[in-house]
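To keep things clear, I will list the structure first and then write my remarks on it.
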Amino acid sequence: MKTIRLTALFLVIAALFAAFPVVAEESEESDTLIVHIDSVNGTRWENTTCVYIGRASTEQNEWGYNILVDENGIVTGKIVVGDVRGRNLAIPDGGFVFSSVADDVKKLMEGIAVGDHILFDSYGSRVLISKEEIDPFYEVSHAFTGYNGVRYDNTLIVYNRAGTKTGTNGWGYEVCVDRDGIIISAGDNDNTVPDGGFVISAIEPEDRGFLKTYCIVGAKCVLSGMRFKVYYGPEMLANTVASEKERMRARIAEAEADFRLIDTKGAYDALDAISADGIDTLERRNEVLQQIEDIGLLLIEKPKASVVSVWYVPTEKTAEQVVSTVAKMKEMHINQVCIGISNGYDTIVKLPARFPFATRLDVKDADLLAVYAEECKKNGIELIVSMPVFSCPTKDYKHNDWLASPNKVSAGNEKFYSPANDEYMAYLKDYVEYIITRYDIDGFQYDYIRYPYFDGTTDYGYDDATKNLFLKKAGLSEADFEEIKAKLRAANHWNEWVQFKRDLISSRVAELSALIREKRPDLYISACLADDTGKDVYFQDGKKWVEDGSVDGIYPMSYGEGIMANSTKRFAAYDTDRSFLVMGSGAYLSLSQKEIIAQTLQTRQNFADGIAYFEWSAYVLHGYAEKLAALYEDDPVSFTADEKKAVELLIATAKERFTRYSGKAEQASAAFDGKTDPAQIKEALLLIVPYDKKLYFDLDLAIRVRNFSREQYKGTVELLPYEVDPEPEESSEEPVSEPTAESEASVPGKPENEKPFPIGWIVGGAAAVLLAAAGVFFLKKRKK
């Protein structure tokens with residue numbers, strides 16, 4: 001087999017192009033450069049590399065480097081960063097665009113010329129580049145740091161204790177190798193070590209990039225000293241197909257074990273019809289692999305009663321644009337939308353002047369929330385107002401006295417309102433009450449109801465309001481407080497400080513919920529939870545909120561790749577007999593369509609009641625909507641929107657599941673006859689069929705729906721009219737020709753020093769803040 005030998009040009013490029021995981025530590029004979037792609041048709045984030053293919057244009061701005069490739073895999077053009085021709089660049093018919101905003105990509109582009117060969121390997125998410133014909137085969141090696149240890153930062157661990165789990169969290173990447181040295185799976189974490197084989201587990205970006213680029217299923221991998229060698233040659237093309245067929249066969253068997261209501265025979269037949277014969281090119285291999293992957297769509301049960309939600313911060317400016325957006329959501333089988341409403345500046349809520357903040361300037365003549373409420377009702381979509389409770393908009397320079405203070409001046413730039421500040425809470429309650437008593441919404445959701453992420457060095461809550469309340473409740477001294485501020489986790493009273501902050505957040509949740517229950521008892525109350533549940537990471541206690549009834553449901557934000565299964569299991573344990581769980585999927589991260597489908601399946605496998613995609617624009621732009629549409633052909637009913645219909649559907653689904661899988665079809669079917677109460681049906685079934693959570697899931701959810709129902713209150717609440725500011729009284733005094741700076745600053749409700757600026761800046765700034773916040777949230781995830 002040939003091994004990779006990069007030409008001098010490409011060696012220089014690889015050294016400079018650190019943003020790409022290009023690794024070639026042993027090389028001979030070939031000038032093919034392999035580059036891992038971060039996403040296909042995704043958002044081109046900072047330091048990411050994308051391929052745009054199979055659609056009309058890239059839908060990205062001009063601030064990236066672009067290489068145009070025709071249907072024959074030949075470079076036809078290059079467009080450098082900042083060139084306006086790169087804005088929403090048209091994709092060559094039958095070809096693709098290779099694009100990046102990575103800092104050093106210019107060096108790579110300078111080495112690529114029109115006429116060079118480029119191949120997009122969709123299976124490995126890789127681009128292969130060569131001056132001559134592309135050689136897709138390789139032999140490479142990479143160092144690892146140890147055996148069977150904890151996967152800390154700066155480690156690359158090999159696990160070889162057969163039958164044991166690696167015990168890793170969701171922020172790395174692993175490949176499993178069987179006793180014959182063949183890679184049998186790639187991706188995920190916390191894998192089981194194969195009998196006679198091993199698992200390679202990476203956490204650092206460079207190491208993850210190497211595994212993703214070279215350690216594909218079907219390749220051969222052997223250990224040599226403190227290195228592992230990876231080979232991929234022509235004879236291994238069929239190995240990849242054979243391995244993927246076996247993996248799919250195992251997935252079909254798993255679907256049967258999960259009691260899924262799917263056509264398992266049809267799935268097996270489709271798989272058996274796929275042949276691995278005559279596979280001698282990457283293109284042919286990928287064609288067959290896509291056929292195998294498509295069978296996976298047959299394994300996802302189409303739910304009749306489930307929440308299919310999206311988060312969305314509206315960018316519309318007119319009622320007509322809202323009508324179009326809601327219609328599109330309906331078309332995409334969305335049955336719930338969580339509309340992001342600012343807790344202050346730039347809200348889309350029509351506010352009277354008595355509030356300290358103002359409506360978004362570019363929508364001041366339209367009441368977008370009212371239009372959303374009307375259109376969602378028409379289309380049968382639930383409207384949930386999702387509001388950041390303590391996160392502070394960057395424009396709020398007026399209320400620094402409301403902010404939570406960090407332990408050090410040089411802290412990060414996150415701004416959060418202090419949960420201990422009673423003045424802020426009084427404003428917030430007034431704002432919440434105004435919204436819920438005037439808009440015909442279906443639910444209210446708490447977002448950012450927490451402290452900023454605690455990274456071990458920067459902690460928040462050192463403002464006077466928090467300090468005074470803590471010292472009073474804990475009975476500690478100023479010296480004790482100063483020790484906490486200086487030593488953090490090493491301080492004697494750190495645990496008391498952590499519990500105080502968690503209890504403080506929980507008390508504010510209870511206060512807000514009590515207000516909502518009083519004014520709008522028909523609303524479902526939910527909360528967004530961070531995926532990391534460590535007590536002193538975000539100081540959230542979501543389990544307590546569910547248990548004490550402060551919230552009806554939780555929406556964990558499990559946005560990363562390969563973590564959904566374990567996260568769903570963890571948060572499903574929070575469920576009570578009167579709560580629901582909707583898992584959050586990070587569509588904005590440009591996850592592969594394969595990963596989004598896997599996450600959708602994993603939420604159902606592990607007892608979630610629905611899924612929420614973050615966020616709507618990414619869900620559409622990245623093509624997830626079209627791919628997932630087949631999974632929601634029956635337009636599932638949200639159980640919080642139509643309790644009666646949902647319970648009927650859940651009972652019907654339960655009957656079908658018991659009839660097929662219980663082994664006592666006739667007896668089980670009879671237990672359903674003449675009954676409409678899911679609790680009575682379950683009681684009758686338990687006399688016949690032992691309890692299995694997977695088998696009884698539909699009935700358990702139907703019982704919970706009955707228990708947390710707000711149905712009795714629906715239609716009983718009369719909304720209040722909107723407040724209208726009085727017209728200014730005419731003055732008999734002579735008018736002043738121009739307002740002075742003093743008079744401008746004294747207008748009630750107008751923030752001091754506010755200056756007009758272009759609307760485009762407002763929208764762009766808001767988008768930038770959202771993207772930055774998402775990036776910070778993702779990057780700050782702890783690693784194991």
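- Among Thr466, Asp459, Asp480, the single residue meeting the side chain to side chain donor-acceptor pair (under 3.5 Å) criterion with Trp497 is Asp459.
- Between the side chain of Lys544 and the main chain of Asp503, no donor-acceptor pair closer than 3.5 Å is present.
- Panel note: side chain Ser513, backbone Ser550; a donor-acceptor pair is recorded below 3.5 Å.
- Note that CZ of Phe416 and SG of Cys392 are 9.5 Å apart. Values are rounded to the nearest 0.5 Å.
- Side-chain atoms of Thr603 come within 3.5 Å of backbone atoms of Thr600 as a donor-acceptor pair (strictly under, hydrogens ignored).
- Across all their heavy atoms, Cys338 and Gln445 have their closest contact at SG-NE2, 3.7 Å.
- Considering all non-hydrogen atoms of both residues, Leu369 and Ile348 come closest at N-CD1, 4.0 Å.
- A 4.5 Å side-chain heavy-atom check between Ile554 and Leu581 finds at least one atom pair inside the cut-off.
- Annotation: the span from Met425 atom CE to Phe390 atom CZ amounts to 5.0 Å, rounded to 0.5 Å.
- Looking at Asp463 and Ser418, their side chains do bring a donor and an acceptor atom within 3.5 Å of each other.
- Within the 3.5 Å criterion, the main-chain N or O of Val307 finds no donor-acceptor partner in the side chain of Ser638.
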Before giving the answer on side-chain contact (heavy atoms from CB on, under 4.5 Å), spell out for Leu720 and Arg438 the whole-Å C-alpha distance, their side-chain angles and the decisive distance to 0.1 Å. CA-CA 5 Å; Leu720 300 176; Arg438 288 166 175 81; 4.0 Å; yes
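- Here the options are Lys693, Arg578, Lys682, Lys694, the test is salt bridge (Lys or Arg N to Asp or Glu O under 4.0 Å), and the partner is Asp700; only Lys682 passes.
- Note: Phe355 and Tyr434 have perpendicular aromatic rings, judged against thresholds of 30 and 60 degrees for the angle between ring planes.
- Of all the heavy atoms in Asp575 and Arg704, the pair that sits closest is OD2-NH1, 3.7 Å.
- Using the six-membered ring where Trp is involved, Phe481 and Phe470 have ring planes that are tilted, between 30° and 60° apart.
- Ring orientation note: the planes of Tyr538 and Tyr453 are tilted relative to one another, at an angle of 30° to 60°.
- Taking the six-membered ring for Trp and thresholds of 30 and 60 degrees, Tyr588 and Trp45 have ring planes more than 60 degrees apart, a perpendicular arrangement.
- When only modelled atom types and interatomic distance are considered, Asn191 and Thr166 share no side-chain donor-acceptor pair under 3.5 Å.
- The structure places OH of Tyr555 at 14.5 Å from CZ of Phe614, a figure rounded to the nearest 0.5 Å.
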Pair Asp541, Ser506 - check side-chain hydrogen bond (donor to acceptor under 3.5 Å, both in side chains), show working. CA-CA 7 Å; Asp541 195 352; Ser506 295; 4.7 Å; no
Between Gln599 and Tyr613, is the side-chain contact (heavy atoms from CB on, under 4.5 Å) condition met? List the steps. CA-CA 10 Å; Gln599 289 188 4; Tyr613 301 99; over 6 Å; no
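- Residues Asp207 and Ala202 share a closest heavy-atom pair of CB-CB, 3.6 Å.
- The closest side-chain donor-acceptor pair between Arg706 and Ser709, if any, does not fall under 3.5 angstrom.
- When all heavy atoms of Asn407 and Thr458 are compared, the closest pair comes out as OD1-CA, 3.5 Å.
- Aromatic ring centres of Trp545 and Tyr446: separated by at least 6.0 Å.
- Few gaps surround NZ on Lys714; more than 12 heavy atoms of other groups in view lie less than 6.0 Å from it.
- At least one donor-acceptor pair closer than 3.5 Å links the side chain of Glu615 to the backbone N or O of Ala618.
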ring-ring contact (aromatic ring centres under 6.0 Å, His included) between Tyr691 and Tyr696, worked out: CA-CA 7 Å; Tyr691 184 78; Tyr696 279 82; 5.0 Å; yes
Using side-chain contact (heavy atoms from CB on, under 4.5 Å), reason through Asp188 and Glu174 one step at a time and then give a plain yes or no. CA-CA 6 Å; Asp188 295 332; Glu174 296 180 346; over 6 Å; no
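- Remark: the backbone N or O of Arg710 is paired with a side-chain donor or acceptor of Tyr524 at under 3.5 angstrom.
- Note: Leu156 CG to Leu211 CG = 6.0 Å, rounded to the nearest 0.5 Å.
- For the pair Arg520 and Leu719, the minimum side-chain heavy-atom distance is below 4.5 Å.
- Without hydrogens or angle criteria, Asn335 side chain to Val308 main chain gives a donor-acceptor distance under 3.5 Å.
- At least one donor-acceptor pair under 3.5 Å links the side chain of Asn707 to the backbone N or O of Asp577.
- Counting only heavy atoms from C-beta outward, the side chains of Phe607 and Thr568 never approach each other to under 4.5 Å.
- No hydrogens or angles considered: nothing links the side chains of Glu547 and Thr576 as a donor-acceptor pair under 3.5 Å.
- With hydrogens and angles left out, the side-chain atoms of Trp494 and Asp536 include a donor and acceptor closer than 3.5 Å.
- Between atom CE of residue Met557 and atom CH2 of residue Trp311 there is a gap of 7.0 Å, rounded to the nearest 0.5 Å.
- The main-chain N or O of Thr43 is found under 3.5 Å from a side-chain atom of Ser590 such that the two form a donor-acceptor pair.
- Without hydrogens or angle criteria, Glu204 side chain to Asn154 main chain gives a donor-acceptor distance under 3.5 Å.
- We find the CD-CD1 distance between Gln540 and Ile505 to be 8.0 Å, quoted to the nearest 0.5 Å.
- Judged purely by distance below 3.5 Å, without hydrogens or angles, the side chains of Thr168 and Tyr159 never pair a donor atom with an acceptor atom.
- Between Asn606 and the options Arg570, Lys569, Met564, a side chain to side chain contact (heavy atoms under 4.5 Å, CB included) holds for only Lys569.
- Using a 4.5 Å cut-off on side-chain heavy atoms (C-beta onward), Tyr417 and Leu403 make contact.
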Run the side-chain contact (heavy atoms from CB on, under 4.5 Å) check on Phe357 and His399 step by step: do they pass? CA-CA 11 Å; Phe357 303 121; His399 292 289; 3.8 Å; yes
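- Between Asp442 and Thr640 the shortest side-chain heavy-atom distance does not fall below 4.5 Å.
- What you find for Asp609 and Ser579 is that their closest heavy atoms are OD2-O, 4.4 Å.
- Side-chain contact between Tyr448 and Arg450 is present, with at least one heavy-atom pair separated by less than 4.5 Å.
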Please evaluate residues Tyr431 and Thr347 with respect to the criterion side-chain hydrogen bond (donor to acceptor under 3.5 Å, both in side chains), reporting the C-alpha separation (whole Å), side-chain torsions for both, the decisive distance (0.1 Å), and the verdict. CA-CA 11 Å; Tyr431 179 58; Thr347 180; 2.9 Å; yes
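- Inter-residue side-chain proximity for Asp430 and Arg354 is flagged as met; some heavy-atom pair is nearer than 4.5 Å.
- Residues Tyr439 and Lys350 form a side-chain contact, since some pair of their non-hydrogen atoms from C-beta on lies under 4.5 Å apart.
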